[in-house]
Structure formats: C-alpha cells, structure tokens
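First the proteins, then the strands, lettered A, B, ... as listed; each starts at 1. These numbers were taken from a predicted model, which means no experiment stands behind them. Hydrogens, waters and symmetry mates are skipped; everything else that's a heavy atom, side chains included, is used.
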Amino acid sequence: MKLKTNVKNCKGCGICVEFCPKKVLELDEVGKIKVAREADCIKCGQCELRCPDYAIFVMRDKK
Amino acid sequence: MEELLVKYFRPKLPHIWCPGCGNGIVTASVVKAIDKLQLDQDKTAIVSGIGCSSRASGYLNFDTLHTAHGRAIPFATGIKLVKPDHNVIVLTGDGDATAIGGNHFIHAARRNINLTVVVFNNSIYGMTGGQYSPLTPHRGMATTAPFGNVDRPFDLCELAKGAGATFVARATTYHANLLADLIAKAIEHKGFALVEAITACPVSFGRQNKMGTPANMIKWQRDNAVMVEAMAKMKPEQLEGKFPIGVLHQAEGTEYVTEYQKVIKRAMGSGE
C-alpha cells in the first residue's frame with residue numbers, strides 16, 4: 001500500500017486531486033478522497049504536504 | 001505527518017476549519033518545525049488570540065493558551081518573562097495581530113522580546129463573515145467593502161522590520177516545506193521573530209474575490225510568490241503584483257528578557 005487515507009478527516013477540498021502529478025486521486029460520490037489509481041503513485045508526497053485536514057499519508061519505507 | 005499527528009496533536013480532529021482552508025497546512029508546518037528542532041513538549045508554550053487561525057492552539061498538545069482578541073502577544077510576553085527557558089510560539093491571524101492587537105505587535109517587535117510569532121495571513125476576517133482586515137489588498141472585495149477595499153494594506157514584514165523585529169520571514173502554504181524551515185529558524189532566533197504565512201481562505205475571501213477553488217488559490221500563491229534572492233535579479237515590470245518570500249530581514253539586537261534578568265540581578269544587589 002502506497003497511500004493511506006483517513007476519510008473521516010477529509011472535507012473534499014480537492015487540493016490533493018489537483019496537485020497530484022500522476023492523477024492518482026479522485027473524489028468519490030460523496031465528495032471524499034478516493035485512491036483511484038494507486039499503481040501510478042510515485043510517492044512524491046505532494047498530496048500529504050498540502051492536505052489541510054491530515055487525511056492522506058504516503059507510506060514510506062522505514063529506514 | 002502521521003506520526004507527528006500522534007505525537008503533537010490532541011485527539012480532537014477533524015478540525016473546524018472550512019474545506020480547503022490553508023490554516024491546517026500552516027499548523028502542520030509549525031509542528032514540523034517543532035519536530036525538526038526536537039523541542040521539549042513540556043517547555044514549549046503555544047499562545048493564540050481569537051479568530052480562525054487561533055483555533056490552532058486547541059489542537060496542539062503543548063502548554064497552550066487561547067487568549068483574548070488581539071492579546072496573544074501580551075500573554076506570551078508574560079510567559080516568556082516568568083519562564084525565560086520556555087519556547088513561546090504565538091499563532092495569530094492577520095486581523096488579530098495587526099488590527100485589534102496592532103499596538104501589542106509593534107511594541108513586542110520594538111522590545112525585541114524572544115518570541116516566535118506566526119501570523120496566518122488569509123487577508124480577511126474569516127470567522128466573522130469576511131470583513132476586510134488591515135491586510136486585505138487594496139480594491140479587494142469584502143462583505144464590508146462591497147465595491148472594493150478603499151484602504152491600502154500593511155506590508156506586515158516591513159511593519160515588523162520598521163518596528164525593530166530582528167527576524168522577519170514570509171512563506172505561503174504552497175511553499176509548505178519552506179514555511180516549516182522558516183518557522184524553525186524563527187524559533188532558533190534569539191529575539192522577536194515574525195513569520196508571515198500566506199494562507200488561503202476559500203470561503204470568506206476567495207469566493208468574494210472570484211479566486212476559484214482552494215487548489216486555484218494555492219496556485220495563485222505559487223505564481224505570485226518569489227524568493228527574495230530571485231527578486232533582486234528581476235526587472236521592475238516582472239515584479240508587478242509579486243511578493244517576496246524567504247528570510248526578509250535578520251539582525252542582531254539586545255533581547256528584552258535577557259536585559260530584564262540583568263535588572264533583576266542588579267535590584268537583588270548581586271553587584272553587576
């Protein structure tokens with residue numbers, strides 16, 4: 001799993017969807033975050049960096 | 001971020017801020033800066049005033065104080081004088097810091113007291129319904145300025161510099177990593193440190209000024225903020241509507257709490 005979401009915290013602002021360079025993310029039918037194409041994720045962290053609601057996290061390998 | 005949430009946040013999320021509000025990004029940057037410096041949670045005080053931004057203190061697991069409107073800096077000054085070894089961080093908004101608490105702000109800068117002040121600048125009074133603040137741009141729309149704002153805004157960083165602050169920096173929520181770095185530098189700085197965080201208010205400011213979605217407001221920050229070093233090399237026509245980010249001013253100066261401790265020593269007759 002590359003991305004972890006916390007849908008309870010998501011308010012559906014769409015910032016992560018807009019800033020994802022690989023178009024991995026979508027909003028679902030109730031306007032909350034959905035990881036639609038996880039295989040395309042390059043773990044750049046743009047979504048996590050600017051999520052104002054702490055609702056999406058990139059799973060990094062523990063060093 | 002996930003481990004920082006567990007370590008530094010109280011279990012009160014989701015927060016009350018509107019969808020797309022940048023305050024969450026600024027709060028995360030404050031926490032990242034604190035984590036970078038590995039500050040002792042029991043020796044760090046977060047003080048806030050009133051407004052959307054000032055709700056941040058309630059979510060953070062430190063010694064926190066949610067004070068009267070505009071009075072975050074006086075409360076913080078009190079804490080710093082009594083506990084000089086504590087890191088005191090003030091989280092405040094543009095209206096809170098520059099209108100209601102304007103005098104406190106300039107005089108804390110003049111005294112050069114060792115505080116870190118993070119001003120969440122969303123250009124509007126968001127919580128009360130979008131009235132213009134001293135940082136609303138000239139001709140910007142607000143509920144109290146339906147034909148455009150007549151006032152000219154403060155340049156907060158220049159104001160702080162002029163008032164005597166010894167560390168002045170600015171960043172935006174687009175530049176969230178830079179913002180965290182600048183806050184860390186501000187905490188390390190000995191003296192009055194201001195970090196102006198440009199943040200989006202999509203509901204009260206963006207809607208009235210037709211700035212589009214929260215993501216578009218963050219893109220506006222990306223397109224109009226220029227690193228201060230790059231700005232020096234740009235032509236005047238390229239600079240129209242742009243604002244500088246980065247460390248804008250840094251100086252050495254006599255720090256208030258240190259001086260006050262000396263006075264206490266002298267008064268106690270230690271013969272200094």
Side-chain angles (χ1 to χ4, degrees), chain A, chain B residues 1-32 52-53 55-56 59-60 120 122 126 171-181 197 199-203 206 212-222:
Chain A
M1 196 171 70
K2 293 177 186 172
L3 293 168
K4 186 175 169 187
T5 56
N6 183 351
V7 179
K8 184 175 83 66
N9 281 6
C10 178
K11 292 178 190 147
C13 66
I15 289 174
C16 56
V17 177
E18 190 72 24
F19 280 96
C20 177
K22 291 288 176 185
K23 306 278 168 250
V24 172
L25 306 166
E26 275 177 10
L27 296 183
D28 66 11
E29 60 273 15
V30 289
K32 302 265 186 165
I33 184 66
K34 185 175 119 187
V35 183
R37 286 168 290 275
E38 185 154 27
D40 293 347
C41 174
I42 54 168
K43 294 192 178 187
C44 66
Q46 295 281 314
C47 51
E48 182 177 334
L49 179 65
R50 301 203 183 86
C51 175
D53 294 289
Y54 323 125
I56 187 160
F57 309 101
V58 178
M59 306 305 284
R60 307 228 177 247
D61 300 325
K62 289 262 157 59
K63 279 177 194 149
Chain B
M1 190 68 220
E2 201 179 8
E3 57 279 14
L4 300 185
L5 279 183
V6 177
K7 189 170 177 198
Y8 297 110
F9 280 72
R10 292 177 179 146
K12 290 170 83 172
L13 297 172
H15 51 60
I16 50 115
W17 294 315
C18 306
C21 172
N23 289 358
I25 308 174
V26 184
T27 308
S29 294
V30 172
V31 165
K32 281 175 195 164
C52 297
S53 60
R55 297 289 301 230
Y59 300 113
L60 297 172
F120 294 48
N122 62 1
T172 77
T173 53
Y174 176 79
H175 308 85
N177 283 330
L178 172 71
L179 181 58
D181 287 346
T199 166
C201 174
V203 173
T213 62
N216 276 346
M217 293 188 75
I218 295 181
K219 285 179 184 168
W220 177 88
Q221 296 168 5
R222 176 193 67 192

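In terms of heavy-atom proximity, B:P19 sits nearest to A:C13 at C-CB, 3.8 Å. When all heavy atoms are compared, the tightest approach of A:K11 to B:I16 is NZ-C, 4.2 Å. The two residues B:A215 and A:G14 have their closest heavy-atom pair at CB-O, 4.4 Å. Contact between B:P14 and A:K8 at its shortest, heavy atoms only, is CD-NZ, 3.7 Å. Here the closest heavy-atom approach between residue B:C21 and residue A:P52 is recorded as O-CB, 3.0 Å.
The interface of residues 42-49 of chain A with chain B, defined by heavy-atom distances below 4.5 Å, comprises A:E48, A:L49. Contact residues of residues 15-23 of chain A toward chain B are A:I15, A:E18, A:F19 (heavy-atom distance under 4.5 Å).
In this structure, the portion of B:F9 lying under 4.5 Å from any heavy atom of chain A is its side chain and not its backbone. For A:Y54, the parts lying near chain B are the backbone and the side chain together; criterion is any non-hydrogen pair under 4.5 Å.
For A:R37, the salt bridge (charged side-chain N to carboxylate O under 4.0 Å, His left out) test picks out A:E26, with sequence neighbours left out. By the salt bridge (charged side-chain N to carboxylate O under 4.0 Å, His left out) test, B:K32 is found to be paired with no residue, residues two or more places apart in sequence or in another chain being considered.
Ranking B:T213, B:L5, B:T173, B:T199 against chain A, the residue ahead of the rest is B:L5, based on heavy-atom pairs under 4.5 Å. Taking B:L4, B:N23, B:N177 one by one and counting their heavy-atom pairs under 4.5 Å with chain A, the maximum is reached by B:N177.
Note that CE of B:M1 is 13.0 Å distant from NZ of A:K4, once rounded to the nearest 0.5 Å.
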